[in-house]
Structures are given as structure tokens and as C-alpha cells.
Amino acid sequence: MIEKKQDRMKKVFVSGCYDMLHSGHVAFFEEAASHGELYVGIGSDKTVSELKARKPVNTDAERLYMVKALRAVKDAWINRGSGVIDFLEEIRALRPDIFFVNSDGHSPVKERLCRELGIEYLVSKRIPHGALPVRSTTALREECRIPYRLDLAGGWLDQPFVSKHHPGAVLTIGIEPDYEFNDRSGMSTSSRKKAIELWHTDIPEGDREKLARTLFCFENPPGTTYVSGSQDALGIVYPGLNRLYYRGDYWPESIESADSPELLKWMEERIWLLPLFPRIATYDVLADTRITPEGALRLSRAADDCWQALLSKDAAAWGKACSASFDAQTAMFPNMVTPEILSVLEKYKPDVYGWKLSGAGGGGYFVFVSEQPVPNAIQIRIRRKTL
């Protein structure tokens, strides 16, 4: 008798690192298995090292052994490919009915692949089992509380080759390390690694500006060819929302902070990060730049408008200023965007107040301003000032 598709259980596929197996992984597998028989593709040690810029705690052989032992899992294997889509060979051979991902594992490239292969694409949230706490591998690794940095408007004005044309502000927030954000994602991952070399697990007490100068100098020793903007170091060290004003120099001439708990909570409820495509190896954001006084002025005005909108808690004005900053940046640095990135933006534009990129050319996240949930996006926690 020929098996009909409706007579069999659906095949559900998930893929990931699954290092330091914890209750969050198990709850995710159980939720995925509620849709059918669960098959798990596991990233190899090589793939994990390439994507996360670190070695996994447990080898792929250990991770495979533990995942296969779970009763929710029908079968599991080590993916033979590399990169974000390291499971391409396996998913084509398995031909699953459903590809199941967590919100922080979502990627437009995965969604597009499923559309091409006729596979249903489902995005879950992090839902713990019963009364168990929410768990992540990042939280279970060595306790490192050094934050990431996200710029909200004015990015590039921290570079003298831009702010010499017109002075202006860069707005930054420090982001708690609840997720292991993609390497080279515009979240100051390289500066954060230098901070970890210096301070190991958290920003020490002391004068914030002096600490940021120390980190900036440590990352940019004499002879550095390309100097990382100081907004990276400042955005990591300073909690809350910060306005860094630049006038043709690597260091801002003034730093203004807004760190009221009410404002930061209001912002957290309206910031949504959507993962984007991996950045290609040959990418060069500085190619074909068109930096002009008019462009720097536009960027500066957008940052000022964004600052006022945030202080006024005006979400619509914030979104408008955020998009204006994005437009000013991409006019001067056209390689910040690709056709794939713009196609994602067109999908979300009608339903959000505004947008920007965390990074350039992919590898990062679209940052959306919205008072309503944004599908497949994640939310963040802003670092508060310690008492």
C-alpha cells in the first residue's frame, strides 16, 4: 500500500549548535516534536568556531550523543556543510515538512530556502517548561556581563573623515549579553572581545570616560591601519542611552547620558532586532563612498531629531529620525545595503515606525522601531547604571 502524506507523521527539522545542553534546549525540542517526528542537525566544531569565533565547550561527538539520547528526538546527525546554512545537503535529503527555529535563530536566508523547497517555516519563542527558568547557552558559559553596543542614529560621525565635513552626534545604548550576537554584526563584537581581554567578566568600577579611553587605546594601538570608532568603546562602557558629539576627531568633545529606568524600559518595549544574512567574505563597506558636507549634515540632523524624540518618548518621531539616519548613511556609504537587505526591508516597512541596520552589508540585524510585535524579531535589555 502506498503511504499517503496525510497518513504519516510530519517530519520536523531543527538545526543548531546545542552546546552545554540545558532545559531551554529540551523545551525547544519538545515544542518542535509536538508538530511531528523530530530530526536534529548539529553544527560541527569547525562550523561553530567559524560562526561564533570560539570553540564549543563540548565536541560535536559529545553534543550528538546527548541530543540523540533525548526522547523527543527521532534522529540526529552532524551537519556536513558550513556557515549559517550548514544543513543544506541534509535538509534536501530529509525533505522535512516543517523547519522549526527559535526567534534568535531566525534568518531571512533560512526562510527563503524553505520557500524554495516547499517546507513550512515555523518560528518559536523561548518558552521554558513549566516553572523552569529561561535558559541560554550564553548565560551558562563563564559569567561574562560585558555588554554589547548598539548605535541608534548618527553612526559614522565618530570617524573624523565624516565629522570633519559637519559635526554631529552618535547615539548609543549598551546591550546586556542575553544573546551571543553574530560576529561582525555591528554590535561592537570586536571591541567587546578586547574588553574581555582587559577586564574578563564585567566593566570595572571607576571613571567611565577613562575606562572607555583605555579600551579604545587597547583596541587601536599605534600603527593601526583602520581605527575603530570610539563609539564602540564608549557604547560598551557607558550604560543607558548616550549622546556622543564629534567634531572632526576620534574622541567626542562631549558625552551626554540619559539613564532613567522609565525611559530605558520604554525604549526596550519598542526596539526589535531582526537577524539578517551573513556578510560575504570580500565585503568592503568603504568602497564607493560619497561623503559630502550635505550628507554629514543630514546625518547630524537625524541624530538630533532622534535624541529629542527619545527624550520625549515619541515613538513615531523616533522611527522617522531612525529611518532618516539610515537614509543619510546609505547615501554616503551605498555598500551598507545589498538587494537582499532591501528586499527584507520592503516586507517590514509598512508595519513599523522606522528602521536602521546594526551593521553593514549583512551579518547583523535590522533594528525596527515599533509599538507592536515584529514577526521573527527579538528584543533586548539595555544596560542600567549600577548604584
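Between Y179 and F181, the ring planes are perpendicular. Angles over 60° get that label, and only those under 30° would be called parallel.
The distance from atom CG of D288 to atom CG of L286, rounded to the nearest 0.5 Å, is 10.5 Å. Taking CG of D232 as the start and OG1 of T189 as the end, the distance is 9.0 Å to the nearest 0.5 Å. Interatomic distance, K349 NZ to D351 CG, rounded to the nearest 0.5 Å: 12.5 Å. A distance of 13.0 Å separates NZ of K194 from SG of C217, quoted to the nearest 0.5 Å. With rounding to the nearest 0.5 Å, the separation of CD1 in I271 from CD1 in I175 is 6.0 Å. Taking CG of D249 as the start and OG of S163 as the end, the distance is 7.5 Å to the nearest 0.5 Å.
Using a 4.5 Å heavy-atom threshold, the side chains of E340 and P108 count as separate. For the pair L244 and D158, the minimum side-chain heavy-atom distance is 4.5 Å or more. D314 places none of its side-chain heavy atoms less than 4.5 Å from the side chain of Y353. Within the 4.5 Å cutoff, the side chain of I119 has heavy atoms near those of the I91 side chain. Counting only heavy atoms from C-beta outward, the side chains of V40 and L70 never approach each other to under 4.5 Å. Counting only heavy atoms from C-beta outward, the side chains of V369 and V352 never approach each other to under 4.5 Å. Using a 4.5 Å cut-off on side-chain heavy atoms (C-beta onward), L276 and L357 make contact. Within the 4.5 Å cutoff, side-chain heavy atoms of M336 are placed close to those of V285.
Partner of V101 under the side chain to side chain contact (heavy atoms under 4.5 Å, CB included) criterion, out of V14, V123, N376: V123 alone. Of the options Y250, Y246, Y226, a side-chain hydrogen bond (donor to acceptor under 3.5 Å, both in side chains) to Q159 is made by Y226 and by none of the others. Just one of Y39, F99, F100, Y121 meets the ring pair (Phe, Tyr, Trp, His ring centres under 6.0 Å) condition when paired with F13; it is F99.
Residues forming a side chain to side chain contact (heavy atoms under 4.5 Å, CB included) with I85 (at least two apart in sequence, or on another chain): F87, L88, V109, K110, L113.
Not one N or O on the side chain of S358 forms a donor-acceptor pair closer than 3.5 Å with the backbone of G364. In this structure, H35 contributes its side chain and A32 its backbone to no donor-acceptor pair below 3.5 Å. N242 places no side-chain N or O within donor-acceptor distance of the main-chain N or O of S257, the cut-off being under 3.5 Å. Judged by distance alone, with hydrogens and angles left aside, the side-chain atoms of S323 form no donor-acceptor pair with the main-chain N or O of K320 at under 3.5 Å. When atom types are taken as modelled, the side chain of S107 and the backbone of P275 share no donor-acceptor pair closer than 3.5 angstrom. For D19 (side chain) and V57 (main-chain N/O), a donor-acceptor pair under 3.5 Å exists by modelled atom type. Checked by atom type and distance alone, the side chain of S49 pairs as donor or acceptor with a backbone atom of D45 at under 3.5 Å. The main-chain N or O of D327 is found under 3.5 Å from a side-chain atom of T330 such that the two form a donor-acceptor pair. The backbone N or O of V227 sits nowhere less than 3.5 Å from a side-chain atom of T224 that would complete a donor-acceptor pair.
Taking hydrophobic clusters as Ile, Leu, Val, Met, Phe, Trp and Tyr residues chained together by side-chain heavy-atom distances below 4.5 Å, L297 does not share a cluster with L171. Cluster annotation: Y245 is not connected to I173 through the hydrophobic network of ILVMFWY side chains, with a link wherever side-chain heavy atoms come within less than 4.5 Å. Under the 4.5 Å side-chain heavy-atom criterion for ILVMFWY residues, a single connected hydrophobic cluster contains both V337 and F368.
Of all non-hydrogen atoms in M66 and L21, the two that sit nearest each other are CB-CD2, 3.9 Å. Looking at every heavy atom in both residues, I255 comes nearest to P252 through CG1-CG, 4.0 Å. Contact record, S325 with A153: OG-CA, 3.5 Å, taken as the closest heavy-atom pair. In this structure, G174 and P147 approach most closely via the heavy-atom pair C-CB, 4.5 Å. Smallest separation of non-hydrogen atoms from E219 and S191: OE1-OG, 2.6 Å. Between S44 and R63, the closest heavy-atom pair is C-NH2, 3.8 Å.
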- Between V170 and L234, does a side-chain contact (heavy atoms from CB on, under 4.5 Å) hold up when you go through it step by step? CA-CA 11 Å; V170 178; L234 288 159; over 6 Å; no
- Task: Take K11 and D75 through the salt bridge (charged side-chain N to carboxylate O under 4.0 Å, His left out) test and state the conclusion after the steps.
- Result: CA-CA 11 Å; K11 294 179 182 178; D75 197 9; over 6 Å; no
- Audit row: D259, Y238, side-chain contact (heavy atoms from CB on, under 4.5 Å) steps and yes/no: CA-CA 10 Å; D259 53 16; Y238 276 76; over 6 Å; no
- Task: Report the C-alpha separation of Q379 and L273 in whole Å, then their side-chain angles, then the decisive distance to 0.1 Å, and conclude whether the side-chain contact (heavy atoms from CB on, under 4.5 Å) test is met.
- Result: CA-CA 6 Å; Q379 291 189 284; L273 271 61; over 6 Å; no
- Using the side-chain contact (heavy atoms from CB on, under 4.5 Å) rule, take C144 and R192 through it: C-alpha gap first, then chi angles, then the decisive distance, then the call. CA-CA 11 Å; C144 179; R192 183 174 183 266; 3.9 Å; yes
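Under a 4.0 Å N-O distance rule, the pair D60/K46 does not qualify as a salt bridge. Ion pairing between R270 and E371 holds under the 4.0 Å rule for side-chain N and carboxylate O. Taking a cutoff of 4.0 Å between a charged side-chain nitrogen and a carboxylate oxygen, D207 and R213 do not qualify as a salt bridge. A salt bridge is absent between E268 and R381: the closest approach of a Lys/Arg side-chain nitrogen to an acidic carboxylate oxygen does not fall below 4.0 angstrom. For the pair K193 and E197, the salt-bridge criterion is not met [side-chain N within less than 4.0 Å of a carboxylate O]. Using a cutoff of 4.0 Å between basic side-chain nitrogens and carboxylate oxygens, D151 and K356 are scored as salt-bridged.
More than 12 heavy atoms of other residues, nucleotides or ligands lie within 6.0 Å of CZ in F161, so this atom counts as buried by the packing criterion. Other residues, nucleotides and ligands contribute at most 12 non-hydrogen atoms within 6.0 Å of the NZ atom of K265. Residue R384 qualifies as enclosed at atom CZ: its count of foreign heavy atoms under 6.0 Å is above 12.
With ring centers used as reference points, F333 lies under 6.0 Å from W156. Side-chain rings of F366 and Y348 stay apart, their centers remaining 6.0 Å or farther from each other.
Residues T172 and Q231 bring no donor and acceptor atom of their side chains to less than 3.5 Å of each other. If you check the side chains of S15 and N79, you find a donor sitting under 3.5 Å from an acceptor.
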